[in-house]
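Chain letters run A, B, ... following the sequence lines, proteins first and then strands; every chain starts at 1.
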2 protein chains.
Amino acid sequence: MIKNDIALEIEKYSDFNRAKSLLIVDAILSNLKKSLDNDEKIEIRGFASFRVVPKKSGFGRDIRKKKQIRIKKGKRIKFRSGQDLKNI
Amino acid sequence: MIKNDIALEIEKYSDFNRAKSLLIVDAILSNLKKSLDNDEKIEIRGFASFRVVPKKSGFGRDIRKKKQIRIKKGKRIKFRSGQDLKNI
DNA sequence: AAGGGCAATATCATTCTTGATCATTAATCC
DNA sequence: GGATTAATGATCAAGAATGATATTGCCCTT
């Protein structure tokens, strides 16, 4: 499933063309990103929740040189399935 | 951020009322769930991807009895941040 | 406006993911 | 459709998630 499939769903409930439907999808995604950028959690009951948590991992690995690499700390997105997605 | 905020975004681009906007949001979420139910991956470039992977964990813990518990295998959703969500 | 019901939290050991990079595959822009 | 560019897979070690359950908090339906 890709972005286009989401736009198709919007078209089912409106008379918007593909371009406008995609515009709305992008606007929604942009808002979701903006929310996480601001360290705000996203919670959609019955689907899933997203939260921003500090990244503590301190080491990674360079596959070519087969050596460890320091990883700068930062943030990451923590995803958690909601009720309806728990048992699939 | 909650489901209502997503509906608000749809209203910005349409003349739909809250009820209809929420109907569309639910329809989209339903489609996403249906896709994962069918073991189909979701890939939204620039945002994130979701995939269904087998659950291999075999043990959990009962916090009250402080004992280990067998966990039945199954499936779970694997979330992966996209390019724009990597560096937040 | 408000209650019903789902989500967050804490706990511990085992299992799994994170993280950089290059090549390959595929989503998305035009 | 073609071209562009992001996502996936592989690797290894250390850090983090998983999983059950009751309680608290709050989203969401009526």
Using atom [atom1] of [X] as one end and atom [atom2] of [N] as the other, report the distance to the nearest whole Å.
X	N	atom1	atom2	answer
B/F79	D/dT18	CZ	P	13 Å
B/F47	C/dT28	CZ	C1'	16 Å
B/K78	D/dA16	NZ	C1'	13 Å
A/K41	C/dT9	NZ	C1'	11 Å

Tell me whether A/I2 is reachable from A/L32 by hopping between hydrophobic residues (I, L, V, M, F, W, Y) whose side-chain heavy atoms are closer than 4.5 Å.
no
Just N and O in the side chain of [X]: are any of them under 4.0 Å from OP1 or OP2 of [N]?
X	N	answer
B/R76	C/dT17	yes
B/Q83	D/dA7	yes
B/R80	D/dA7	no

Show every side-chain hydrogen bond (donor to acceptor under 3.5 Å, both in side chains) that has at least one partner inside residues 23-32 of chain A, sequence neighbours left out.
A/K3-A/D26, A/N31-B/E9
Do B/K75 and B/D39 sit within salt-bridge range, that is, some charged N less than 4.0 Å from a carboxylate O?
yes
Rounded distance [0.5 Å steps], CD1 in A/I6 versus OG in A/S21:
11.5 Å
Using 0.5 Å steps for rounding, measure from the CD1 atom of B/I10 to the CG atom of B/N17.
11.5 Å
So which protein N/O to nucleotides 28-30 of chain D N/O distances come out below 3.5 Å?
{"from": "D/dC28", "atom 1": "OP1", "to": "A/R45", "atom 2": "N", "distance (Å)": "3.0"}
{"from": "D/dT29", "atom 1": "OP1", "to": "B/K3", "atom 2": "NZ", "distance (Å)": "3.4"}

May I ask you to check whether A/F79 and B/F50 place their ring centers less than 6.0 Å from one another?
yes
